[in-house]
Amino acid sequence: MRISILTLFPEMFDGFMNTSIIKKARLKELVQMEAVDIREFTDDRHRRVDEYPFGGGQGMIMKCQPVLDCVDSLRTENSRVLLMGPTGRRFDQAMAHELVQEQHLILLCGHYEGLDARIREFVDDEVSIGDYVLTGGEIAAMVISDAVTRLVDGVITEQSHLDESFENGLLEYPQYTRPADYKGHRVPEVLLSGHHEKIRQFRLKESLRLTLRVRPDLLKNRVWTLEEQRLMEEVLQEENVLPDEKTVE
Ligand code: ADE
């Protein structure tokens, strides 16, 4: 998988690309990642990449020429070009799985309200990472490339994916490490028992509990196994949720 990030601020990606799992994935050549400086593509004598808006108004607008020449220099028939922007389709784990199938992602970091609108006609999709406005698309591009990279085969172990939040429609169960007693706060006893089946059930139940508490919306259209139904009944009783408050029929 190749990820090209097009930005006016490539230096923002130095730390991101050279730290932890992203760095390892690059060194193992599981992903190729590059931050490409849009300014290098301007044909303006003064290296300008933006201009005043037609019709007047505040702020500067990124010009079509450097942005689209930069896109064209990288785009092949196997590229998918995504513009980062708050008016785009909302990014989530399902989209991360969709994007990891692509051979080449081009992530275009614009500046909100500061991009010639015609640029949208040349991209495949606009993607938002959430309902808030960032100063630019760079952090969104990091979010997306991080979430996609960790799904590339070999970047992290398969088992890590199965249990983690959103992969099975639930939030991940809580994890603990030594000491078993931290200032009187004890690790749940079952986790010290070595009883694998009981631990599995405990974790599933705690996943259900956490999802009910924090993200009940995730449970709305769930297809329940018998075991999950039984554990959820227990959780609802323990949490004192009245039958008519149940979101999980
Ligand atoms: N640029 C500005 N805000 C953004 C958002 N929420 N998602 C993606 N790109 C953005």
Side-chain angles (χ1 to χ4, degrees), residues 1-17 19-22 25 31 33-42 48-55 57-75 79-102 104-152 165-166 171 214-215 217-218:
M1 147 136 281
R2 178 176 174 210
I3 303 178
S4 306
I5 299 161
L6 281 49
T7 171
L8 290 173
F9 306 105
E11 66 279 7
M12 280 181 75
F13 293 86
D14 292 346
F16 173 68
M17 288 190 195
T19 309
S20 185
I21 291 174
I22 303 295
V31 286
M33 207 183 277
E34 58 191 340
V36 182
D37 188 350
I38 295 170
R39 195 176 297 276
E40 296 298 321
F41 290 82
T42 182
R48 264 190 312 225
V49 289
D50 51 13
E51 295 268 11
Y52 294 102
F54 277 129
Q58 289 292 307
M60 301 292 280
I61 305 298
M62 276 170 80
K63 288 152 58 83
C64 289
Q65 179 276 318
V67 172
L68 294 175
D69 281 0
C70 185
V71 171
D72 282 347
S73 76
L74 294 158
R75 190 178 218 162
S79 307
R80 182 145 165 213
V81 183
L82 303 178
L83 172 64
M84 304 296 101
T87 56
R89 183 178 151 203
R90 177 86 76 81
F91 182 70
D92 60 12
Q93 192 66 14
M95 201 194 296
H97 280 284
E98 178 190 319
L99 295 180
V100 76
Q101 309 300 327
E102 302 284 349
H104 182 205
L105 293 177
I106 297 179
L107 307 182
L108 176 55
C109 306
H111 280 249
Y112 184 48
E113 289 175 326
L115 199 74
D116 189 310
R118 291 167 292 184
I119 291 171
R120 290 195 171 76
E121 295 166 27
F122 294 84
V123 304
D124 297 313
D125 272 309
E126 182 168 346
V127 180
S128 165
I129 60 162
D131 292 345
Y132 37 79
V133 181
L134 303 166
T135 55
E138 283 75 13
I139 291 172
M142 287 184 212
V143 168
I144 292 171
S145 36
D146 189 289
V148 170
T149 296
R150 57 194 295 294
L151 296 180
V152 171
S165 295
F166 307 112
L171 300 183
V214 182
R215 290 293 306 277
D217 57 299
L218 293 177

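One-based numbering, in listed order, for ligands and for the atoms of each.
- Applying the salt bridge (charged side-chain N to carboxylate O under 4.0 Å, His left out) test to residues at least two apart or on different chains, the pairs with a partner in residues 81-100 are R80-E98, R89-E98, R90-D131.
- Using a 4.0 angstrom heavy-atom cutoff, G88 does not count as in contact with ligand 1.
- Counting heavy atoms under 4.0 Å from ligand 1, residue A140 touches it through the side chain alone.
- Contacts between V127 and ligand 1 below 4.0 angstrom, taking non-hydrogen atoms only, involve the backbone exclusively.
- Here is the list of ligand 1 atoms found below 4.0 Å of a heavy atom in G130: 6 (N).
- Between I129 and ligand 1, at least one N/O pair is under 3.5 Å apart.
- Within the 4.0 Å heavy-atom cutoff, T135 does not count among the residues contacting ligand 1.
- Here the shortest heavy-atom pairing between R150 and A147 reads CG-O, 3.5 Å.
- Centroid-to-centroid, the aromatic rings of F166 and H97 stay 6.0 Å apart or farther.
- Listed by atom number, the atoms of ligand 1 under 4.0 Å from V133 heavy atoms are 3 (N).
- Between R39 and D50, no side-chain nitrogen of the basic residue sits less than 4.0 Å from a carboxylate oxygen of the acidic one, so the salt-bridge criterion is not met.
- Side-chain atoms of S4 and H104 form a donor-acceptor pair, as typed in the model, at a separation below 3.5 Å.
- The side-chain contact (heavy atoms from CB on, under 4.5 Å) check on A141 picks up I5, F13, M84, L107, C109, with sequence neighbours excluded.
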